[in-house]
Number of protein chains: 2
Amino acid sequence: MVSQESCGELLLQLSSTDALIRTFKRELRPGGPRGGFALLAALHRCGGLRVGDLAELFEIDVSAASRQLADLEERGWAERVPNPQDRRSWHARLTPEGERVARERTARARDLLAEAIADWPEEDAAALADLLGRLRTSFDARRVRVPDHPSRTASGAKGL
Amino acid sequence: MVSQESCGELLLQLSSTDALIRTFKRELRPGGPRGGFALLAALHRCGGLRVGDLAELFEIDVSAASRQLADLEERGWAERVPNPQDRRSWHARLTPEGERVARERTARARDLLAEAIADWPEEDAAALADLLGRLRTSFDARRVRVPDHPSRTASGAKGL
DNA sequence: TATTGTTATACTCTATAACTATA
DNA sequence: TATAGTTATAGAGTATAACAATA
């Protein structure tokens, strides 16, 4: 059980992290396309994903995921391949050029982060990543228990 | 020094946290106004703040902060009081009704978070809050070293 | 009838630029 | 001339709703 004080403090830091992420994204933007970079990274990491998977991964509506994927296709970075098991859906995957861009962009983001926490001990960075992962897991579990979002069934990939 | 692997993993978890925060905000929205809740909480916590302080706190442009504050004023939750030392700026503060709303909304957010991490040990929640705070500090320090954003001088309140 | 996905539309939020007022 | 803030405008991103196709 977590005390009210700790929850309040964590809430505060999450708000601060929201601002941090916004700035991080903004600084990552110049010199490259912005919309759908997160999708690009997910496809780079996970390989073939359906539109519904992407929507669930980023907790956005399917329509938003569809639009972002279309954007990646227009840039020649992603393509849809037919899904023989279910012809309603497709598997989205990166083109070779998309893979190249994904690698380049991911490296830039990682370097930006590395620069900021250069003086951190290794174990702190690992601990933060671990705790954030568990926070996401706890939140996803809560949403399943409270079925206010019937459109989200929490069936698929969650890791990113 | 943090390894490339840890940085990559942390980057991944930050992306996931971005999605988490988006959902958290969305679930907090119904039953109340959305825009500017973060400002409301900041004013509730810090008391009188200038528009520039708010912009810096949330890493948004002054114009965005100005607009959000105007929104709070229209709802009767905030007001500007003159600053005798510098008549260009004002101190924004909450009205009694604004204080009430801020308390109610903060409590709801805290409960939502508390529900999600109910089975966490106290020390993990505290550790996560601490690490997120240090992440923000590290990022702010980096931005000062690399003066690409002359409009941000990193002089004021930073805690939220 | 339920599910997967697309498109059209409206809304929220932010950045940029031009502007006013004060230091 | 520099700083604090406001307003107008444009852009990015998301949600809602209506729709088509398949299971």
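Sequence lines set the chain letters: A, B, ... in the order given, protein chains first and strands last, and positions in each chain run from 1.
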Measure [atom1]/[X] against [atom2]/[N] and give the value in whole Å, please.
| X | N | atom1 | atom2 | result |
| --- | --- | --- | --- | --- |
| I60(A) | dT6(C) | CD1 | C1' | 14 Å |
| N83(B) | dA23(C) | CG | C1' | 12 Å |
| Q85(A) | dT4(C) | CD | P | 14 Å |
| D61(B) | dA8(D) | CG | P | 16 Å |
| E27(B) | dT14(D) | CD | C1' | 16 Å |
| D71(B) | dT7(D) | CG | C1' | 15 Å |
| L39(B) | dC13(C) | CG | P | 11 Å |
| L57(A) | dT14(D) | CG | P | 13 Å |

| message | Both V62(A) and R88(A) contact DNA chain D. Taking the nearest nucleotide for each, which residue is further toward the 5' end? | response |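 First, find each residue's nearest nucleotide; the 5'-ward one identifies V62(A).
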| message | Check this for me: does the side-chain of S89(B) come within 3.5 Å of the base of dT22(C) through a donor and an acceptor? | response |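 A donor-acceptor contact between them is absent.
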| query | Hey, does the side-chain of S63(B) have a donor or acceptor N/O within less than 3.5 Å of a partner on the base of dT16(C)? | reply |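 Per atom types, the contact qualifies.
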| note | By nearest-heavy-atom nucleotide on DNA chain C, the more 5' of D86(B) and W90(A) is W90(A)
| Residue R93(B) excluded, over 12 heavy atoms near CZ under 6.0 Å | no
| Is atom CZ of R67(B) surrounded by more than 12 heavy atoms (other residues, nucleotides or ligands) closer than 6.0 Å? |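 Atom CZ in R67(B) is not crowded, with 12 or fewer foreign heavy atoms closer than 6.0 Å.
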If the cut-off is 4.0 Å, is [X] near the phosphate of [N], judged by side-chain N/O to OP1 or OP2?
| X | N | value |
| --- | --- | --- |
| S66(A) | dG5(C) | no |
| Q68(A) | dT14(D) | yes |
| R87(B) | dA23(C) | yes |

| task | Taking side-chain contact (heavy atoms from CB on, under 4.5 Å) as the test, write out the residues that go with R87(A), two or more places apart. | result |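 R87(A) satisfies side-chain contact (heavy atoms from CB on, under 4.5 Å) with no residue once adjacent residues are dropped.
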| Sugar-phosphate, base or nothing in reach of R67(B), heavy atoms under 4.0 Å |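 Contact class for R67(B): base.
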| field | Ion pair E104(B)/R108(B), N-O distance below 4.0 Å | value |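 Yes.
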| W90(B) six-ring centre to R50(B) NZ/CZ under 6.0 Å and within 45° of normal | no
